[in-house]
Each structure stands twice: as structure tokens, then as C-alpha cells.
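The next block holds one structure in the form of C-alpha cells; read it before the comments.
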Amino acid sequence: MSGNHDHGHGGHSHAGAHAHDANKSRVLIAAILTAGFMVAEAIGGVLTGSLALLADAGHMLTDSVSLVLAWYAFHLATRAATARMTYGFDRVKTLVAYTNGLTVFVIALWIVYEAWHRLNEPSPVLGGPMLLVALIGLAVNIAAFFVLHGGDRESLNMRGAILHVVGDLLGSVAALVAALVILTTGWYTIDPILSVLVALILFRSAGSLVREAGHLLLEGVPASLDRDGIAKDIAAHVPGVREIHHMHVWSLDGSKNMATLHACLDDGVDAHAAVSAVKQRLAANHGISHATVEPEYGHCADAHEHGNDHGHDHAGHKHRPGKTAVR
């Protein structure tokens with residue numbers, strides 16, 4: 001087919017490359033801040049006997065590793081596509097986001113487990129040193145959060161990194177509140193109770209990230225896009241296009257959207273002009289920067305697959321002039 005492959009250079013513009021490099025730098029700074037304070041917090045947790053501090057230190061340890069992985073995913077994404085990796089390495093960012101979500105689940109489970117033991121066997125906590133460490137940790141985590149918050153929040157990899165830092169931030173707040181309660185009331189049980197509260201928040205955030213990243217890894221249609229609506233829009237607004245079918249829409253990392261489709265054209269319509277118009281419509285109106293469009297006249301070349309069509313068949317839809325059927 002002539003002229004049916006568009007590599008979506010708009011998605012690799014200078015502005016996009018600048019944003020990518022900025023995201024990469026932000027994640028690295030956050031990783032350094034997190035790793036640097038993690039050691040101090042772990043020592044503080046041991047010396048004070050605080051589960052809240054130890055839980056946050058353990059969280060920050062895995063967060064440091066996860067942030068380094070997120071940075072490396074951004075680094076890999078800059079590599080050019082190869083004969084074996086034809087889409088390049090952008091999908092690594094989605095894979096890392098999925099892994100980060102799973103690690104947050106594990107951390108939250110560990111916090112709940114430790115809190116259960118502390119509730120059954122309360123142990124004394126040194127409120128003064130705990131308060132000091134919690135305050136420093138809060139400042140470090142706020143700094144890391146604002147570093148990442150200015151990045152591209154459409155990127156799942158960046159969202160995964162932010163999730164880890166938010167978990168650290170919540171852990172520091174919990175440790176701070178627990179220290180204040182212990183200093184004013186001597187009620188040590190507040191330490192594991194607030195730790196469990198942080199764990200529950202982490203469960204919810206991690207669940208959302210894992211679901212969305214898993215959906216993208218399975219090449220599902222991004223939540224922001226409506227495949228059937230896009231097909232109808234093209235048929236309605238691109239001259240000469242009679243019908244769109246065999247349409248697949250997916251994303252590599254939550255921000256780079258892609259599509260393949262068959263465009264059934266009216267007789268006499270110039271195929272190259274129609275394909276160009278379809279791609280322009282996809283990019284300008286639907287944020288799909290990479291599209292593979294197969295123009296066809298009359299019967300679909302894959303008509304023998306009717307009834308299966310890679311799992312996208314809508315039974316009963318026929319090729320009729322003026323109708324739009326996505327199969």
C-alpha cells in the first residue's frame with residue numbers, strides 16, 4: 001500500500017522531546033531526594049521504635065528503586081526503533097508504571113501486617129526524635145512532590161513516580177501526627193493506626209494505576225478515546241470516506257495514541273488524498289499521532305474474516321453505502 005503508514009512525527013517533535021527530557025530529569029531529582037532521606041528515616045525509626053517511620057522508610061526504599069526504574073524507562077524511550085522493536089521502547093514506561101503499582105500494593109500489605117502486630121503488642125515510641133525526623137521527611141517529600149508535579153501527568157510512568165512520592169508524603173504526615181499525639185497524650189497505639197490509614201490510601205491509588213497500565217499493556221482503547229465515535233466522525237467529516245471498519249485504537253504509554261483501520265472509499269476518490277485527510281483528522285481532532293490506514297473500494301480484502309475480525313466484529317453490520325460500522 002502506498003502512503004498508508006504515518007509514524008506520527010508530531011509525537012516526536014522538539015517540544016515533545018523537551019518535555020520527555022524534563023520528565024526524565026524530574027524523576028532523577030526525586031529519586032536522589034528520596035534515597036538520600038530514606039537512610040536517615042530508617043535510622044530514626046530504629047532509634048525511636050516508630051512503626052510509622054520504619055514503614056515510611058521501607059516505602060522510601062522501594063520508592064527509590066522504583067523512581068530509578070522510572071528514570072531508566074524514560075531513558076530507554078529515547079532509543080530509536082529497531083528491526084525487532086519496531087515501536088521503540090516507549091512501552092517500557094507503561095510496564096514500569098504497572099510494576100510500580102504492584103510494589104505499592106506489597107508495601108501497603110507489609111504496613112498492615114506490621115501494624116496488626118503493633119496493635120496486639122504495643123511498644124513505646126520516642127515522640128521527640130520521631131517528630132524531628134518526620135518534619136524533615138515531610139519537607140523532603142514535599143520538595144520531591146513539587147519536582148514531579150510539574151511534569152507530564154498524562155504519562156503513566158510519571159504518574160507512577162508521583163504515586164510513590166505521594167505515598168511517602170502521606171507516610172511523613174502520618175508519622176508527624178503520630179509523634180504529636182504521642183508527645184501530648186502518650187498514646188502509642190496511634191502509630192500503627194495511622195500507618196494502616198496510609199496503607200488504605202495506597203491501596204486505592206495503586207489499584208487505579210495498575211488497572212490503567214494493565215489496560216494499556218493489553219492494548220485496550222485509552223479511556224479518553226471512543227473508537228466507535230472516532231470511526232463515525234471520520235466517515236461524517238472526511239469527503240469520499242464511505243465507511244470505517246477493522247479499527248483498532250491503543251496507546252504505548254498513555255499519551256502516544258495509535259490506530260489502524262480500513263477506510264472504504266467511494267468510487268473515483270483519490271486514495272492518497274483520502275488517507276492523508278483521515279490521518280489529519282485523527283491527529284487534529286482525536287490526538288492519534290500514528291495511524292495506519294488501508295484504503296479500499298467495494299468489498300473488504302479481509303471479508304473472509306467476517307465474524308471474527310480479531311475480536312472486533314459487530315455481528316449483523318454489513319457494508320452499506322452511507323453507513324458506519326466498526327468491526
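Computation of the quantities below employed the complete heavy-atom set of this structure, encompassing side-chain atoms and omitting hydrogens, waters and symmetry-equivalent molecules.
Within the 3.5 Å criterion, the main-chain N or O of Asn100 finds a donor-acceptor partner in the side chain of Thr103. Side-chain atoms of Thr184 come within 3.5 Å of backbone atoms of Val181 as a donor-acceptor pair (strictly under, hydrogens ignored). Side-chain atoms of Arg26 come within 3.5 Å of backbone atoms of Val147 as a donor-acceptor pair (strictly under, hydrogens ignored).
Shown here is Phe89, whose CZ atom has more than 12 heavy atoms of other residues, nucleotides or ligands within 6.0 Å.
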Begin from the C-alpha positions of Val249 and Met247 and carry the test side chain to side chain contact (heavy atoms under 4.5 Å, CB included) through to its verdict. CA-CA 7 Å; Val249 180; Met247 186 170 189; 3.8 Å; yes
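Taking both residues in full, the closest heavy atoms of Thr189 and Pro192 are given as O-CD, 3.0 Å, listed atom of the first, atom of the second, then distance. Scanning all heavy atoms of the two residues, the minimum distance from Ser251 to Leu216 falls at CB-CD2, 3.9 Å. The two atoms that bring Ala206 and Gly101 nearest to each other are CB-O, 3.5 Å, heavy atoms only.
Scored by the ring-ring contact (aromatic ring centres under 6.0 Å, His included) test, Tyr297 finds no partners at all (sequence neighbours excluded). With sequence neighbours excluded, the residues satisfying side-chain contact (heavy atoms from CB on, under 4.5 Å) with Leu131 are Leu135, Leu176, Ala179, Leu180, Leu183. When the salt bridge (Lys or Arg N to Asp or Glu O under 4.0 Å) test is applied to Glu212, the partners found at least two apart in sequence or on another chain are Arg159. Remark: Tyr113 engages His117 in a side-chain hydrogen bond (donor to acceptor under 3.5 Å, both in side chains) (not counting sequence neighbours). In this structure, the side-chain contact (heavy atoms from CB on, under 4.5 Å) partners of Tyr188, at least two apart in sequence or on a different chain, are Pro124, Val125, Ile182. The salt bridge (Lys or Arg N to Asp or Glu O under 4.0 Å) check on Asp266 picks up Arg242, with sequence neighbours excluded. Partners of Ala283 according to the side-chain contact (heavy atoms from CB on, under 4.5 Å) rule, which considers only residues two or more places apart in sequence or in another chain, do not exist here. Among residues two or more places apart in sequence or in another chain, the side-chain contact (heavy atoms from CB on, under 4.5 Å) test is passed with Ile32 by Leu28.
To the nearest 0.5 angstrom, Leu252 atom CG is 4.5 Å from Met258 atom CE. Asn257 contributes atom CG, which lies 10.5 Å from atom CH2 of Trp250 (distance to the nearest 0.5 angstrom).
Residue pairs meeting the ring-ring contact (aromatic ring centres under 6.0 Å, His included) criterion with at least one partner in residues 201-236, sequence neighbours excluded, are Phe105-Phe203.
Side-chain contact annotation: His286 with Asp233, donor-acceptor N/O pair under 3.5 Å present. Neither side chain, His290 nor Lys256, offers a donor N or O lying under 3.5 Å from an acceptor on the other.
Between Leu225 and Ile288 the shortest side-chain heavy-atom distance falls below 4.5 Å.
Note: His245 and His262 have perpendicular aromatic rings, judged against thresholds of 30 and 60 degrees for the angle between ring planes.
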